[in-house]
Amino acid sequence: MYALVDCNNFYCSCERVFNPKLENRPVVVLSNNDGCAIARSEEAKALGIVMGTPEFMIREQVLEHGIAIFSSNYPLYGDLSDRVMKTLVSFVPRMEIYSIDEAFLDMHDLYNQDLLALGVEIRRTVRRHLGIPVTVGIAPTKTLAKMANRYAKKKHRDTGVFWAASDELIDQVLAATEVVDIWGIGAQYAKLLRINGFKTAKDLRDAPDEWIRQKMSVVGLRLLHELRGRPSIACAFTAPAKKNICTSRSFGKLISDYKTLSEAVSNYTAACALKLRQQQSCAKELHVFLQTNPHRVQDQQYMRSITLQLETASSMTNELIRYALKALDIIYQPGFNFMKCGVMVQDIKPEDAIQHALFDSVDRSKNKTVMHALDKVNKALGKDLVRFAAQGFEKKYRLRAGYLSKRYTTNMNELLTIKI
DNA sequence: TCTGGGGTCCTAGGACCC
DNA sequence: TCTGGGGTCCTAGGACCC
């Protein structure tokens, strides 16, 4: 058995933890750059705010209904997520953190327990420790657990827990789930399946293997087995090292000048380098891309990217910035209104397994010590305190974040104050 | 005025090898 | 008339996830 535990409307719930006045009020959290709605409280959903709607299109509703609106506050959400996960893992021997607000709990060692009662206990505990409401779905496979979770939200709002404990209960969940709502079925496959007469997950479960194999490859076949109760998607109990790491942002305003772009590229590169060091790995390739805004029909469009090979795989910020600026020099063209750029590091390998170039002139052990010290200082004193000159200070390209709450749990200057 | 960011896995086809 | 068999690696593109 697996349990899928997810936090309800996670980003909205995080905002409510430190601002109880938001209870029972519609709340919306916006994407980076205050671009579009990415989290909605139940009240906001009821008002018809659709996931992914651009902010300027919901402005009227915001005013009319007094919707509380927030910019994304990732330091806050990330920290609360860590705390939720710590609470969850205390209940089971093994757990896979699936996303910032979801985890699969492995319940195979708990077969003679009342899992429904356990689910209720998990929910109660997270609520008490963190103030975050969660929903629990329990079933024999990960796909069914996802489905049971969805079913709990629909049919068991009061308890927030559902255990598909028998074939009858599993059938019930399958029959109540539209094909498009199955984990692993997106818009394309949903369309294909609909055309061919599959309406619910129950229909799909009884589909012929060969047909699914042909139309949906082995991915579809695995899904079929999962629906039939045979676990076919492995749990990743320890987070595997990432194979690509990407940092990219849309700018707060359009940018044309090289200097500002080079600072953005340097900063995104520094972010990638930090993530590399955190997972003890190095990258052998660096990819930089640059693009104008395709929504602006009046602007001439330009989109380019380039991948450079490093002589020696590295995670050193200064070394990676050197390559990134070389890449930018090649793809940059003056005279365009750029909207976005990004840096991706690829061909990632463990740092203790890198092959040095024959004529490598960099003192890598010394450089490693410097990076270690830099990370330590920045961690203690705030993210970007120590930086390389190329990163600049102005951040003219900075994201818009007009509705930002405080970093209550990760920044000493932004602690919650209470008036008594 | 204004439309997010960061990932994974699979397949097909081409180049190349013995 | 007739032109092997088996493999690897790489890339681009498509599908999906939160």
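First the proteins, then the strands, lettered A, B, ... as listed; each starts at 1.
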Side-chain donor/acceptor of E263(A) to backbone N/O of G392(A), under 3.5 Å: no
Sugar-phosphate only, base, or nothing, as touched by K253(A) at under 4.0 Å among non-hydrogen atoms: nothing
Sugar-phosphate only, base, or nothing, as touched by I100(A) at under 4.0 Å among non-hydrogen atoms: nothing
Euclidean distance, atom CD1 of residue I185(A) to atom C1' of dC16(C) [Å, nearest integer]: 9 Å
Nucleotide nearest Y98(A) when distance is taken to its side chain, options dC17(C), dT1(B), dA15(C): dC17(C)
Whole-Å distance separating the CZ atom of F251(A) from the C1' atom of dG5(B): 14 Å
Sugar-phosphate only, base, or nothing, as touched by D34(A) at under 4.0 Å among non-hydrogen atoms: nothing
Among dC18(C), dC9(B), dT3(B), the one nearest N293(A) by side-chain distance: dT3(B)
Sugar-phosphate only, base, or nothing, as touched by K340(A) at under 4.0 Å among non-hydrogen atoms: sugar-phosphate
Nucleotide of dC9(B), dC2(B), dG7(B) approaching R59(A) most closely (side-chain heavy atoms): dC2(B)
Centroid-centroid distance, W183(A) to F104(A), less than 6.0 Å: yes
ring centroid sep under 5.5 Å plus plane angle under 30, H295(A) with dC2(B): no
Sugar-phosphate only, base, or nothing, as touched by T247(A) at under 4.0 Å among non-hydrogen atoms: sugar-phosphate
D101(A) CG to dC17(C) C1', straight-line distance once rounded to whole Å: 12 Å
Sugar-phosphate, base or nothing in reach of L254(A), heavy atoms under 4.0 Å: nothing
dG6(B) OP1/OP2 closer than 4.0 Å to side-chain N/O of N244(A): no
Sugar-phosphate only, base, or nothing, as touched by Q188(A) at under 4.0 Å among non-hydrogen atoms: sugar-phosphate
